[in-house]
A.B. asks: 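A single structure is presented below for examination.
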Amino acid sequence: MEALVEGPLVLSEGCLMVGEFPVIWPHGTRWDDDLGAVRLSDGRVVALGDRVSGGGGYPYLSDLGPDLAERLADCPTNAYGEVASFNAGQRISLSE
């Protein structure tokens, strides 16, 4: 996966999205209920509306394993049926 995943973090129909794509975050990323934001594995916080970017790709929902596909099945889809997926171990950049 050698694409650049980038866009604003949005919440749509209960799903976290990067732009128009449901998103798969690297291991260790968590939703922080108290902040209403994403906490990355390195402790940085991504608020709704912040722009994120990082290495990754846009696999089709149908190409994901059953566990991931099931979690994203009810999320809004884009015209291509793709999801955004950040690569593990690569830094995600933030801008407001």
A.B. asks: Before giving the answer on side-chain contact (heavy atoms from CB on, under 4.5 Å), spell out for F21 and T77 the whole-Å C-alpha distance, their side-chain angles and the decisive distance to 0.1 Å.
C.D. replies: CA-CA 7 Å; F21 300 93; T77 57; over 6 Å; no
A.B. asks: For the atom pair OG (S93) and CG (D50), what is the distance rounded to the nearest 0.5 Å?
C.D. replies: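 Answer rounded to 0.5 Å: 12.0 Å.
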A.B. asks: Are S95 and V52 side-chain neighbours, meaning at least one heavy-atom pair lies under 4.5 Å?
C.D. replies: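 The answer is no; the side chains never approach within 4.5 Å.
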A.B. asks: Got L48 and L16 here, is their nearest side-chain heavy-atom distance under 4.5 Å?
C.D. replies: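 They are in contact (side-chain heavy atoms under 4.5 Å apart), so the answer is yes.
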A.B. asks: Does a side-chain heavy-atom distance below 4.5 Å link Y60 with V83?
C.D. replies: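 Of all side-chain heavy-atom pairs linking V83 with Y60, none is under 4.5 Å.
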A.B. asks: Does Y58 reach the main-chain N or O of L4 with its side chain, forming a donor-acceptor pair under 3.5 Å?
C.D. replies: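 Confirmed, Y58 side chain pairs with L4 backbone.
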A.B. asks: Can you list the steps and then say if L72 with I24 is a side-chain contact (heavy atoms from CB on, under 4.5 Å)?
C.D. replies: CA-CA 9 Å; L72 300 173; I24 300 170; 3.9 Å; yes
A.B. asks: Using atom types as modelled and distance alone, determine if a side-chain donor or acceptor of N87 lies under 3.5 Å from a backbone N or O of Q90.
C.D. replies: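 Here the side-chain-to-backbone pair does not exist.
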A.B. asks: Is there side-chain contact between P59 and E82, with heavy atoms separated by less than 4.5 Å?
C.D. replies: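 No, their side chains stay 4.5 Å or more apart.
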A.B. asks: With rounding to the nearest 0.5 Å, note down the distance linking CG in L61 to SG in C75.
C.D. replies: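 Between L61 CG and C75 SG, I get 8.5 Å after rounding to 0.5 Å.
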A.B. asks: For R44, what residues pass the salt bridge (charged side-chain N to carboxylate O under 4.0 Å, His left out) criterion, not counting sequence neighbours?
C.D. replies: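 In terms of salt bridge (charged side-chain N to carboxylate O under 4.0 Å, His left out), with neighbours along the sequence ignored, R44 is linked to D42.
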A.B. asks: A side-chain contact here means heavy atoms from C-beta on lying under 4.5 Å apart; do T29 and L40 qualify?
C.D. replies: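 T29 reaches L40 side chain to side chain.
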A.B. asks: Quick one: does D67's side chain have a donor or acceptor within less than 3.5 Å of a partner on R71's backbone?
C.D. replies: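 No; judged by distance alone, with no hydrogens or angles, the pair does not exist.
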A.B. asks: Atom CD of E70 and atom CG of L64: how far apart are they, to the nearest 0.5 Å?
C.D. replies: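 CG of L64 is found 12.5 Å from CD of E70.
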A.B. asks: Could you tell me whether the side chain of P22 reaches within less than 4.5 Å of the side chain of C15, counting heavy atoms only?
C.D. replies: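 The answer is no; the side chains never approach within 4.5 Å.
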